[in-house]
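Quick caveat, the model's predicted, so the values are computed rather than measured.
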Amino acid sequence: MFGTSLAIDNDILDIGSSKFDRGYGSRATGSGGICPPSLVLGEPGQFDVPNVADPAHFCRNNFASACGNSDRNQTVKFAKGTTTLAFKFNGGIIVSVDSRSTMGAYIASGTVKKVIEINPFLLGTMAGGAADCSFWERNLGMQCRMYELRNKKRITVAAASKLLANTMSSYRGYGLSMGTMITGWDETGPQLYYVDDDGTRLKGRYFSVGSGSTYAYGILDTYYRPDLTVEEAIDLGKRAIYHACHRDAMSGSINNLYHVTKDGWVKIHAIDVNDMHYEFLEEKNAMSQT
């Protein structure tokens, strides 16, 4: 797609040596990049870059993660899709997500774990770029553990979400794609925050993130109450994900649901959305006959 690609050796220790002068002395015209004598794609220890004058500028203009249709002129358009939600109620917090990973119309995986278990009392959700969310929330887990070791106490949810928001702010404009929820239980009780790749940080009672979030919000707005029982809250999280998956082609596969209490989080179930469809269909038919 980009013509012949250049391959750059990852061993920078050769620079300035006679080996470098013999084998890697030539440079691509106008690019400033190192051009080895043999252009062999996929050779171990190397990575491929576009054969253009400024590869970094080319990648920024053609591979950026963008919102809406602002990527319409890009060579590669990132098609994102997921449904994640979380809400607080008197009995704790419910976190419910799907497990489908898509690349446009192609379903890349149906078993993605979109809940990051940061520590026994803290959970994070993934929406956007899987690699970005997974890496930075694992990094958050490291920061939270360092806080515990330094201060001899567990970090609060507010502080953990602020750490992630600060990290995102420092990388604003670098093309990260993240829409996460950080939730858990601390000495102040159940807490829920939304953090995205712009560094935005919001506190709320319930959030839903992803391409199916509008459908999930429809269920949450209709049936959410702070005084839900644990069974009702689990059913609400389950139904919201089901309806989002039913209407949004980019969401689906398995519904993973967690319940967070003062004793930590517990994974309640992992149910195939197809099984939920037939379960709710029977319930609908039974109601229509009465």
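Considering every non-hydrogen atom in both Ala127 and Thr84, the closest pair reads CB-OG1, 4.2 Å. In terms of heavy-atom proximity, Asn256 sits nearest to Ala270 at OD1-CB, 3.2 Å. Residue Val195 comes nearest to Ser161 through the heavy atom pair CG2-O, 3.8 Å, listed as atom of the first residue, atom of the second, then distance. Pairing each heavy atom of Ala86 with each of Val95, the nearest pair is CB-CG2, 4.1 Å. Between Ser211 and Ser251, the shortest heavy-atom distance links the atoms OG-OG, 4.0 Å. Scanning both residues, Met126 and Thr82, for their nearest heavy atoms gives O-OG1, 4.2 Å.
Residues Tyr193 and Met168 fall within the same hydrophobic cluster, defined by Ile, Leu, Val, Met, Phe, Trp and Tyr side chains chained together at heavy-atom separations under 4.5 Å. In the hydrophobic cluster analysis, where Ile, Leu, Val, Met, Phe, Trp and Tyr join through side-chain heavy atoms closer than 4.5 angstrom, Ile107 is grouped apart from Val273. In the hydrophobic clustering of ILVMFWY residues, with side-chain heavy atoms under 4.5 Å counting as a link, Phe87 and Val209 come out together. Clustering ILVMFWY residues whenever any of their side-chain heavy atoms sit less than 4.5 angstrom apart, transitively, puts Met276 in a cluster other than the one holding Leu220. Cluster annotation: Leu122 and Met146 are assigned to distinct hydrophobic clusters (Ile/Leu/Val/Met/Phe/Trp/Tyr, side-chain heavy-atom contacts under 4.5 Å, transitive).
Note that OH of Tyr223 and CG of Leu228 are 12.5 Å apart. Values are rounded to the nearest 0.5 Å. The structure places CD1 of Ile254 at 12.5 Å from CD1 of Ile241, a figure rounded to the nearest 0.5 Å. Between the CD1 atom in Ile271 and the CG atom in Leu257 there is a gap of 8.0 Å [rounded to 0.5 Å]. Of the inter-residue distances, the one linking Thr183 atom OG1 with Ile93 atom CD1 reads 3.0 Å to the nearest 0.5 angstrom. Here the CG-CH2 distance, from Asn119 to Trp265, works out to 9.5 Å after rounding to the nearest 0.5 Å. We find the OH-NE2 distance between Tyr258 and His269 to be 11.0 Å, quoted to the nearest 0.5 Å.
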For side-chain contact (heavy atoms from CB on, under 4.5 Å), just list the numbers for Met178 and Phe135, CA-CA rounded to whole Å, side-chain angles, deciding distance to a tenth of an Å, and then say yes or no. CA-CA 11 Å; Met178 287 180 59; Phe135 178 85; over 6 Å; no
As a quick check of understanding, evaluate side-chain contact (heavy atoms from CB on, under 4.5 Å) for His259 and Val230, giving each step before the final call. CA-CA 9 Å; His259 181 207; Val230 173; 3.8 Å; yes
Under the criterion side-chain contact (heavy atoms from CB on, under 4.5 Å), I'd like the reasoning laid out for Tyr215 against Thr83: C-alpha separation, chi angles, the key distance, then a yes or no. CA-CA 9 Å; Tyr215 307 108; Thr83 304; over 6 Å; no
Under the side-chain contact (heavy atoms from CB on, under 4.5 Å) rule, what do Thr156 and Thr188 come out as? Steps first, then yes or no, please. CA-CA 8 Å; Thr156 63; Thr188 63; 5.8 Å; no
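For Arg145, the salt bridge (Lys or Arg N to Asp or Glu O under 4.0 Å) partners two or more places apart in sequence, or in a different chain, are Glu148. By the side-chain hydrogen bond (donor to acceptor under 3.5 Å, both in side chains) test, Ser170 is found to be paired with no residue, residues two or more places apart in sequence or in another chain being considered.
Listed for the Arg205 side chain is no donor-acceptor partner under 3.5 Å among the backbone atoms of Lys88. Using a distance-only test at 3.5 Å, with no hydrogens or angles considered, a donor-acceptor pair links the side chain of Asp132 to the main chain of Ser177. For the pair Asp196 (side chain) and Gly179 (backbone), a donor-acceptor distance under 3.5 Å is absent. Formation of a donor-acceptor pair under 3.5 Å by the Arg100 side chain with backbone atoms of Ala249 is found in this model. Using a distance-only test at 3.5 Å, with no hydrogens or angles considered, a donor-acceptor pair links the side chain of Asp186 to the main chain of Val157. When atom types are taken as modelled, the side chain of Arg138 and the backbone of Ile116 share no donor-acceptor pair closer than 3.5 angstrom. At least one donor-acceptor pair closer than 3.5 Å links the side chain of Asn151 to the backbone N or O of Tyr147. A donor-acceptor contact shorter than 3.5 Å links the side chain of Thr125 to the backbone of Met181. Between the side chain of Asp272 and the main chain of Asn274, a donor-acceptor pair closer than 3.5 Å is present.
Between Arg225 and Glu232, at least one side-chain nitrogen of the basic residue sits less than 4.0 Å from a carboxylate oxygen of the acidic one, meeting the salt-bridge criterion.
Contact check for Leu140 versus Ile182: side-chain heavy atoms found under the 4.5 Å cut-off. The shortest distance between side-chain heavy atoms of Phe207 and Leu202 falls below 4.5 Å. Using a 4.5 Å heavy-atom cutoff, the side chains of Asp197 and Arg172 are not in contact. Two residues are said to be in side-chain contact when any heavy atoms from C-beta on lie closer than 4.5 Å; Val260 and Pro190 fail this criterion. When side chains are defined from C-beta on, Leu236 does not count as touching Ile94, because their heavy atoms never get closer than 4.5 Å.
Dense packing is recorded around OH of Tyr217, with more than 12 heavy atoms of other residues, nucleotides or ligands lying under 6.0 Å away.
Looking at Asp98 and Ser253, their side chains never bring a donor and an acceptor atom within 3.5 Å of each other. For the residue pair Glu279 / Tyr242, no side-chain donor-acceptor distance below 3.5 Å is found, with atom types taken as modelled. Side-chain N/O atoms of Asn139 and Gln143 include a donor and acceptor closer than 3.5 Å.
Using a 30° and 60° split on the angle between ring planes, Tyr206 and Tyr224 fall in the tilted class, from 30° to 60°.
Geometrically, Arg154 engages Phe121 in a cation-pi contact defined by less than 6.0 Å to the ring centre and at most 45° from the axis.
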